[in-house]
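Throughout, a chain's letter reflects where its sequence line sits, starting with A, and its residues are numbered from 1.
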Protein chains: 2
Amino acid sequence: MQDVARAVGVSPMTVSRAFRNDASVSDKTREAVRQAAEAMGYVFDSTASTLRSQRTGFVAVTIPSINNANFAETVRGLSEALKPQGLQILLGTTDYDIQNEEELIEQLLRRRPEAIVVTGGKHTERARRLLENAAIPVIETWDLPERPLGHVVGFSNAAAVGMTVDHLVAHGATRIAFIGGDADRDTRGTDRRLGFIAAMQRHGLDATRLIAAGAPPISMREGARAMARLLETLPDTQAVICVSDLSAFGALSECQRRGVAVPGQIAIAGFGDYEIAGTCVPALTTVNPFPHEIGRKAAEVIAAALASPGLPPQRAAISPGLIARDSTG
Amino acid sequence: MQDVARAVGVSPMTVSRAFRNDASVSDKTREAVRQAAEAMGYVFDSTASTLRSQRTGFVAVTIPSINNANFAETVRGLSEALKPQGLQILLGTTDYDIQNEEELIEQLLRRRPEAIVVTGGKHTERARRLLENAAIPVIETWDLPERPLGHVVGFSNAAAVGMTVDHLVAHGATRIAFIGGDADRDTRGTDRRLGFIAAMQRHGLDATRLIAAGAPPISMREGARAMARLLETLPDTQAVICVSDLSAFGALSECQRRGVAVPGQIAIAGFGDYEIAGTCVPALTTVNPFPHEIGRKAAEVIAAALASPGLPPQRAAISPGLIARDSTG
DNA sequence: TCAGTCGACGGGAACGATAACATCAGCCCC
DNA sequence: GGGGCTGATGTTATCGTTCCCGTCGACTGA
């Protein structure tokens, strides 16, 4: 910056101002600075700017996996809405593990983000402390935690699966199964299973047809294997709800391989409204949790919280939408 | 850090050393520092460390879209292999546009990454200049550029599609079509189309059955629409290669809706070995570009380049593997 | 004409760590 | 016993910006 200043014949302070568009610099000077910088190959150094101004321009985001269209959509929504505010996403993945999440959160906080968005509402005690001490807006997403850390933009995974159960029951199904992961690692998956059980009991139906398909997140392949197990052990099942569209599609593919008619012999529903759910034959009944909307709203909350630091914790509840398609008749 | 130092009764320098595991500090002191920091809720500030040490611990990565399982896998491979080296990924998306890429690269370079990984080998002139001036290792991936900027970890998209053409021709197909995006925006998609044309000509076959399915990246839905168009305009087509497995699955689903037998009436091949290709019925013939491997190797190159600054540009060619499945007989 | 205002720009200190060098006690070994 | 070495710690200056305050000339309006 010194060098650029010398080249233009101004002070470093003026160069600094020229690079930020807000400060009072004449257009002529600004243009001269830009050109000199471009010619010299100078690239502004945010690390120094960050230290002095105490503004990093980062928003930290944790998601379970980058290889998941739903979370990717949330990140995209966030990113799009944060960009005009001059904020950039610093992304990390937890691999569906709250221990990893704790470590990741610490890593991210060292970078001094201006806000942090986490997926889910279940964290280790130390992670909670870290987030509380960070003195920045915290947004929990994809869940409606009972004991929120700060702001919340999410929905009830249990209630969303309840909608699917209601839909199947309305179509006359009574022997309904649930395919999900087997551990408590994926808390959203667990919530969906619990939501299934609660809804079945509410209808006075048997809620014990639970197929555990391995360590979450369960893939198409695991969904297929789980369906094979279901067809063999509980062949009179009329409908099955899968923890995600991916496993639901795997289940559907297994039926196709075995010549089991869907929905004729067994109805299948998924979760997430992945693109595949609308494309495959028969198209899958699913629930749209509006992942992009979650990201967009989280960005709005961040903007509001940064604008007025005393803002009380916001709670934006998203209403997932049931999408009834051919796979459930 | 001052406060922690006071609490423990040492100098800030000792605290600094205690936080980095390499320096010579007694175990007792280190432990005392950790505990004091934990108790006081102190979180290490990388921004300051970064400025003085000129080490950010960032590796910048640009990908076209976060919502793509192939690129996500590359990022995962990178991330896993960089973590043990104490490097963290700073991710940005270009939305398949080299103008966006230019802007993104500038944004990322301001953060002073220690290396940068870009997807593809086509960039604006200014982006090339920025990368060359940055004086850090540059790794181009998912391509084998003729005029590389630095290191390369990739494969020839054209040759990969050539393998698929060879496979179909070996199975007796002569009237083969290609479904892809319509613009030059997605350079890898364009390379695949050109590779298709070249391979067809090499076999002395008609290479004009090209279906343009809209602005890249083309989705399942667009693949389905393109297949509808293909079946209507060129009904004697024996096989079709799609620019990705997603569009290939869309094409397959359209055949299923129309009762067109796959592979009996028309064979379908995709690209990318997405999970869906191995799950759907019939399973899709595809090409595995080993995206995770690309990420892993890129991380290796980064490690080598950071260890020995004079390292000549590396060129790691990945050999994509054809996976023949039921969809091509 | 002159006080007041405003826009454009400069000087010096500071953000919170760490590189580089200095110090110092304890130990080893001839 | 003293020189040399090693491990643990302290001191000073510094990374490249920006905050804070100040200066200076031009313009305005009575």
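A cation-pi arrangement, defined by a distance under 6.0 Å to the six-membered ring centre and an angle within 45 degrees of its axis, is present between B/Arg111 and A/Phe58.
Side-chain proximity of B/Ser11 to the nucleotides C/dA17, C/dG11, D/dG10 is greatest for D/dG10. Between D/dG16, C/dG10, D/dC15, one nucleotide has an atom nearer to the side chain of A/Arg52 than all others, and that is D/dG16. Checking D/dC15, C/dA17, D/dT17 against the side-chain heavy atoms of A/Met1 singles out D/dT17 as nearest. Of the candidates D/dG16, D/dG10, D/dA13, D/dG16 carries the atom nearest the B/Leu51 side chain, counting heavy atoms from C-beta on. Each of D/dT9, C/dA17, C/dG10 was ranked by its minimum atom distance to the side chain of B/Ser49; first place goes to C/dA17. The side chain of A/Arg20 lies closest to D/dC19 when the candidates are D/dC19, D/dG10, C/dG16. Across C/dC9, D/dG16, C/dG16, the shortest atom-to-atom separation from the side chain of A/Ala48 is found for D/dG16.
Rounded to whole angstrom, the span from the NZ atom of B/Lys28 across to the C1' atom of D/dA8 amounts to 11 Å. One atom, CZ of B/Arg112, and another, P of D/dC15, lie 14 Å apart when rounded to the nearest Å. The nearest whole Å value for the distance from the CZ atom in A/Arg17 to the P atom in C/dG11 is 11 Å. Atom CZ of A/Arg111 and atom P of C/dA17 are 14 Å apart (whole Å). Regarding A/Phe19, its CZ atom lies at a distance of 9 Å from the P atom of D/dT17, rounded to whole Å. Following rounding to the nearest Å, B/Leu109 (CG) and D/dG16 (P) show an atom-to-atom distance of 16 Å. Rounded to a whole Å, the CZ atom of A/Arg6 is 15 Å from the C1' atom of C/dG10.
Under the 3.5 Å distance criterion, the side-chain polar atoms of B/Asp143 are left unmatched by any main-chain donor or acceptor of B/Gly120.
Mapping B/Met13 and B/Thr47 onto DNA chain C by nearest heavy atom places B/Thr47 closer to the 5' end of the strand. Where B/Gly9 and A/Val43 meet DNA chain D, the nucleotide closest to each residue was compared, and B/Gly9 sits on the side nearer the 5' end.
B/Thr29 comes within contact range of the sugar-phosphate backbone alone, with a heavy-atom separation under 4.0 Å but no base atom that close. Heavy atoms of B/Tyr42 sit under 4.0 angstrom from primed sugar atoms or phosphate atoms, though from no base atom.
Residue-environment remark: CD (A/Gln314) exceeds the threshold of 12 foreign heavy atoms within 6.0 Å. The environment of B/Arg55 atom CZ is sparse: at most 12 non-hydrogen atoms of other residues, nucleotides or ligands sit within 6.0 angstrom.
Taking side-chain N and O atoms only, A/Gln54 has a distance below 4.0 Å to OP1 or OP2 of C/dG16. Between A/Ser26 and C/dC9 there is a side-chain N or O to OP1 or OP2 distance below 4.0 Å.
Under the 3.5 Å distance criterion, with hydrogens and angles disregarded, a donor-acceptor pair is assigned to the side chains of B/Thr29 and B/Ser26.
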